[in-house]
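Contents: one structure, followed by commentary.
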2 protein chains.
Amino acid sequence: MNETLNSVLSISAVERETGLSKDVLRKWETRYGFPSPLRDNLGERAYPLAQVDRLRLIKRLMDMGMRPSRLVNESDENLNALALASQTPQAKVNDGDVEKLTLDKLRRQDPSGLRQLLYRELMRQGIQRFVQDTLTPLNHAIGEAWACGELSIHEEHVYSEAVQGLLRDTIAKLSDYQGTPRVLLTTLPDEQHGLGLLMLAAVLSLRGAYCISLGTQTPVQDIVEAAEAHRADVVALSFSNAYPQRRILPALEELRQRLDGEVEVWAGGAGCARLHSAPSTNFQLMPDIDQTLVALTRWQSAHQDQAEVN
Amino acid sequence: MNETLNSVLSISAVERETGLSKDVLRKWETRYGFPSPLRDNLGERAYPLAQVDRLRLIKRLMDMGMRPSRLVNESDENLNALALASQTPQAKVNDGDVEKLTLDKLRRQDPSGLRQLLYRELMRQGIQRFVQDTLTPLNHAIGEAWACGELSIHEEHVYSEAVQGLLRDTIAKLSDYQGTPRVLLTTLPDEQHGLGLLMLAAVLSLRGAYCISLGTQTPVQDIVEAAEAHRADVVALSFSNAYPQRRILPALEELRQRLDGEVEVWAGGAGCARLHSAPSTNFQLMPDIDQTLVALTRWQSAHQDQAEVN
DNA sequence: TCAATCTATTTGTCCAGGACAATTAATGAA
DNA sequence: TTCATTAATTGTCCTGGACAAATAGATTGA
């Protein structure tokens with residue numbers, strides 16, 4: 001059932017490696033003629049590595065908003081060209097050019113140098129500016145560098161580990177058990193990107209909130225239970241661009257329904273930025289940190305009286 | 001296509017929430033008559049929450065080695081009884097009974113108290129004993145407490161966040177860029193449990209190895225690239241009990257094949273303990289930390305000469 | 001009695017190909 | 001141009017059948 005020698009993968013292996021579901025892989029095959037896997041002696045699909053690489057690249061581009069029919073039958077060169085072309089020219093230039101230095105450290109495989117660099121920036125700017133002015137554009141830049149092949153995925157992993165370590169450390173030091181509101185942070189299953197979450201937690205902690213982080217990929221049921229157990233005032237979710245757009249609102253609706261009415265639902269992350277529809281009053285979309293801070297301030301002043309009563 | 005109101009979930013939602021694949025959900029339905037989802041107006045399966053809870057419990061028990069046919073048609077009471085019965089009476093009693101204290105902190109929703117407790121233990125025992133004598137049985141205990149419903153999943157999340165934070169911190173302080181061997185640590189896709197990885201990294205760092213952590217769920221292709229880029233001497237993978245047994249060896253074989261022959265492959269974690277078969281010379285299984293340390297010592301003495309030559 | 005080999009059952013994964021709603025693109029009217 | 005309607009695209013779901021790998025049970029030999 002599995003890839004016997006080297007150089008071919010089973011359909012479930014490809015699903016795991018590319019993030020494209022088995023159904024999608026099979027449909028593309030009949031609809032577009034790509035991928036066109038070999039068959040093993042059992043008649044089961046066996047994908048050559050070259051095709052898997054190509055699928056990975058296509059997935060990248062799709063996460064950036066392109067459509068499969070455009071991509072699937074394009075030549076390899078055109079595909080790479082598209083990846084390059086889709087780079088957003090980043091207007092914002094960092095003072096000191098942290099971006100270049102970061103990329104440099106990553107390419108030289110120097111994680112401790114990277115950690116040092118980031119720590120220095122954090123100390124120089126303070127948490128909030130660091131997160132907003134340095135980390136946010138930096139994440140962007142890293143993501144794009146990866147998307148057009150300038151950086152390999154493991155270098156991105158190293159980056160994200162470094163940032164996570166730094167932020168966790170910072171949050172732990174700021175954490176105040178008595179803080180308000182009590183914010184529960186996590187992502188839904190299928191959403192693995194926890195970086196935004198940590199950035200949020202850092203800024204919120206700084207402003208006096210008490211953050212409970214559940215890490216990534218928490219099933220809805222568990223979120224509901226956790227919110228109750230921790231007596232959370234707010235449940236904050238993060239959605240990256242990779243999260244399927246059309247699932248965001250339904251998921252929020254469902255969560256909203258299952259949570260106690262007193263608990264607010266905040267949704268942040270780049271995935272929310274593209275949502276134009278239904279600014280429901282049941283929950284709040286906050287594509288950037290600023291808006292989250294506005295919400296925080298609103299919450300804190302709205303609950304001031306109550307705090308005095310207690 | 002999605003759960004309209006509350007109280008029912010689509011098949012893909014259930015897949016996400018329980019970890020049981022769509023294929024399995026459908027097969028169980030025809031084979032065992034459970035689950036028996038409703039149908040929405042489109043004829044698509046709609047799983048009531050009660051059934052999802054039951055599936056979750058069944059999955060828990062299966063991860064502990066039971067078989068579905070035994071479980072699926074059992075009454076709810078029997079299922080719970082089974083969960084309780086399957087607890088391994090933990091012979092090892094910790095001095096000071098850290099276990100009880102930890103459970104207590106978790107139940108009282110006191111993460112900072114927990115962190116303090118763990119930190120104190122770490123300082124008292126030193127890293128290696130802390131990891132081996134405290135953390136390992138503690139993980140066990142927490143896992144079991146969760147499996148029989150004494151602890152909810154979010155409490156487990158809180159525990160794991162606390163431990164991770166502590167370990168990351170420790171590792172960062174020990175990290176020596178010049179250390180040998182250079183060990184790349186990660187898990188394969190589908191394996192989310194990164195705790196063992198961190199424990200390993202802590203102990204290895206202490207013994208002078210240089211650890212590069214990629215976090216969890218790295219596709220094989222990326223592991224191969226990362227190993228090359230970081231000039232890793234060893235790739236260490238971790239498998240929990242939840243990882244499908246039968247996939248472990250093929251996955252290791254594949255990785256072995258795609259990696260440079262010089263690079264060693266180490267596989268650790270509870271998931272390996274049950275593997276009796278094929279002690280291949282191509283890679284090493286190390287169900288506990290002790291064996292990993294043996295391997296480390298072996299590596300270091302085998303490469304001593306070489307180090308002197310360089 | 002215990003261990004090892006063989007057989008039967010269980011179980012997860014895969015396949016084909018059809019259906020359909022939701023999304024996105026294209027078209028025409030105001 | 002802008003909005004609304006129609007057409008194409010695309011992901012997900014469905015059924016029901018096939019099969020190998022894993023496991024349990026039975027049988028045999030020491």
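Numbered from 1 within each chain, the chains take letters A, B, ... in sequence-line order.
- Between B:Ser10 and D:dT12 there is no side-chain polar atom (N or O) within less than 4.0 angstrom of OP1 or OP2.
- What separates CG of A:Asn41 from C1' of C:dC15 is a distance of 15 Å, to the nearest Å.
- Regarding A:Leu9, its CG atom lies at a distance of 17 Å from the P atom of C:dT13, rounded to whole Å.
- In the set C:dA21, C:dG17, C:dT13, C:dT13 carries the atom at the smallest distance from any side-chain atom of B:Val24.
- Of the two residues contacting DNA chain C, namely A:Arg45 and B:Ser21, the nearest-nucleotide position lying further toward the 5' end is that of B:Ser21.
- Atom CD in A:Glu156 sits 11.5 Å away from atom CG in B:Leu214 (nearest 0.5 Å).
- Sequence order on DNA chain D of the closest nucleotides to A:Tyr32 and B:Asp23 puts A:Tyr32 first from the 5' end.
- Here A:Thr30 does not reach the OP1 or OP2 of C:dA16: none of its side-chain N or O atoms lies under 4.0 Å away.
- No donor-acceptor pair closer than 3.5 Å links the side chain of B:Gln284 to the backbone N or O of B:Val265.
- Residues B:Asn73 and B:Tyr32 come closest through the heavy atom pair OD1-O, 3.5 Å.
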**Prompt:** Do A:Glu17 and A:Arg56 pass the salt bridge (Lys or Arg N to Asp or Glu O under 4.0 Å) test, and can you show the C-alpha distance, the side-chain angles, and the key distance before you say yes or no?
**Reply:** CA-CA 8 Å; A:Glu17 298 248 335; A:Arg56 227 191 300 268; 3.6 Å; yes

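- For A:Arg26, counting side-chain heavy atoms from C-beta on, the closest listed nucleotide (D:dT9, C:dC14, C:dG12) is C:dC14.
- Rounded to an integer number of Å, the gap from B:Leu42 CG to D:dT15 P is 13 Å.
- Whole-Å rounding puts the A:Glu44 CD to C:dG12 P distance at 16 Å.
- With hydrogens and angles disregarded, no donor-acceptor distance shorter than 3.5 Å links the side chain of B:Asp23 to the backbone of B:Arg26.
- Here the P atom of nucleotide D:dG11 and the CG atom of A:Leu55 are 12 Å apart, to the nearest Å.
- Proximity note for B:Ile11 (side chain, C-beta onward) versus C:dC15, D:dC14, D:dT12: the nearest is D:dC14.
- At the phosphate of C:dT11, neither OP1 nor OP2 sits under 4.0 Å from any side-chain N or O atom of B:Arg31.
- Distances were taken from every side-chain heavy atom of B:Arg39 (C-beta onward) to each of D:dT12, C:dT24, D:dC14; the shortest belongs to D:dC14.
- Atom CZ of A:Arg67 and atom C1' of C:dA26 are 12 Å apart (whole Å).
- Look at CG on A:Asp40: it is 10 Å from P on D:dA21, rounded to the nearest Å.
- As judged by a 4.0 angstrom heavy-atom cut-off over every strand, A:Lys22 is placed among residues touching the sugar-phosphate backbone only.
- With rounding to whole Å, A:Glu15 atom CD is found 10 Å from D:dT12 atom P.
- Contact annotation for A:Arg70: no contact, since no heavy-atom pair falls under 4.0 Å across all strands.
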